Amino acid sequence: MPARGAGQGIVLVLATCPDREVGERIARVLVEERLAACVNLIPGLTSIYRWQGKVCRAAEVLLVIKTHRRRLPGLTRRVKALHPYSVPEVIVLPLTGGLAPYLAWVRDSTT
């Protein structure tokens, strides 16, 4: 069982973007505004999803965003404001642990 507070309030946020340019723009703003400590861009994603009654397929870039839970409201607002999708993906995953110095760096980078 993980130690109490093992994730130290750090969360991962997943978001998809239509291309690398949009992903990099969002990532840079999130890091510059200290809403995220780090954003990884993973290209080559293919998404198959239902939208407005149709099954769709799209090439996308996945953003893996590391932040502190207290930054989520601001991060979510910025992603929505900067994103071209009318309903952008913002999925939050809690951490149950990790390397303490790394988690401290994420916490310090988002304050």
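For clarity, every value in this text was computed on a predicted model and none was experimentally measured. The basis for the numbers below is simple: all heavy atoms, side chains too, and nothing from hydrogens, waters or symmetry mates. Note that the numbering runs from 1 along the sequence shown for the chain.
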Within-4.5 Å side-chain heavy-atom neighbours: V92 and L12: no

Taking every non-hydrogen atom, the tightest pair across D108 and R34: O-NH2, 3.0 Å

Spatial distance of atom CD1 (I10) from atom CH2 (W105) [nearest 0.5 Å]: 10.0 Å

Side chain to side chain, V11 and L95, heavy atoms closer than 4.5 Å: no

Atom pair CG/SG of L30 and C38 - distance to nearest 0.5 Å: 11.0 Å

Any side-chain heavy-atom pair of I42 and V61 under 4.5 Å: no

Nearest-0.5 Å distance that lies between atom CG in L103 and atom NE2 in H68: 10.0 Å

Close side-chain approach of I48 and C56, heavy atoms under 4.5 Å: no

Distance in Å, E89 CD paired with T16 OG1, rounded so as to fall on 0.5 Å steps: 4.0 Å

Distance-only donor-acceptor check, side chains Y49 and E60, under 3.5 Å: no

Within 6.0 angstrom of R25 CZ, more than 12 heavy atoms from elsewhere: yes

Reported NZ-to-CG distance for the pair K66 and N40, which is rounded to 0.5 angstrom: 3.0 Å

Backbone N/O of L35 and side chain of T67: donor-acceptor pair under 3.5 Å: yes

Transitive ILVMFWY side-chain link V106 to L93, under 4.5 Å: yes

Contact summary for A27 and L41, nearest pair of heavy atoms: CB-CD1, 4.0 Å

ILVMFWY cluster, V22 and V29 together (side-chain gap under 4.5 Å): yes

Closest contact, heavy atoms only, L75 versus I65: CD1-CG2, 3.7 Å

Residues, nucleotides or ligands: over 12 heavy atoms within 6.0 Å of E21 CD: no

Atom pair NZ/NE2 of K80 and H83 - distance to nearest 0.5 Å: 12.0 Å

Nearest atoms (heavy-atom pairs only) where C17 meets L63: SG-CD1, 3.7 Å

Closest approach of A104 to Q8 (non-hydrogen atoms, all atoms of both residues): N-OE1, 4.0 Å

Note, V39 side chain near V64 side chain (heavy atom, < 4.5 Å): no

Considering all heavy atoms, the nearest S86-W51 contact: OG-CZ2, 3.7 Å

Heavy atoms of other groups near R70 CZ, more than 12 under 6.0 Å: yes

Student check: side-chain heavy atoms of V90 and V13 closer than 4.5 Å: yes

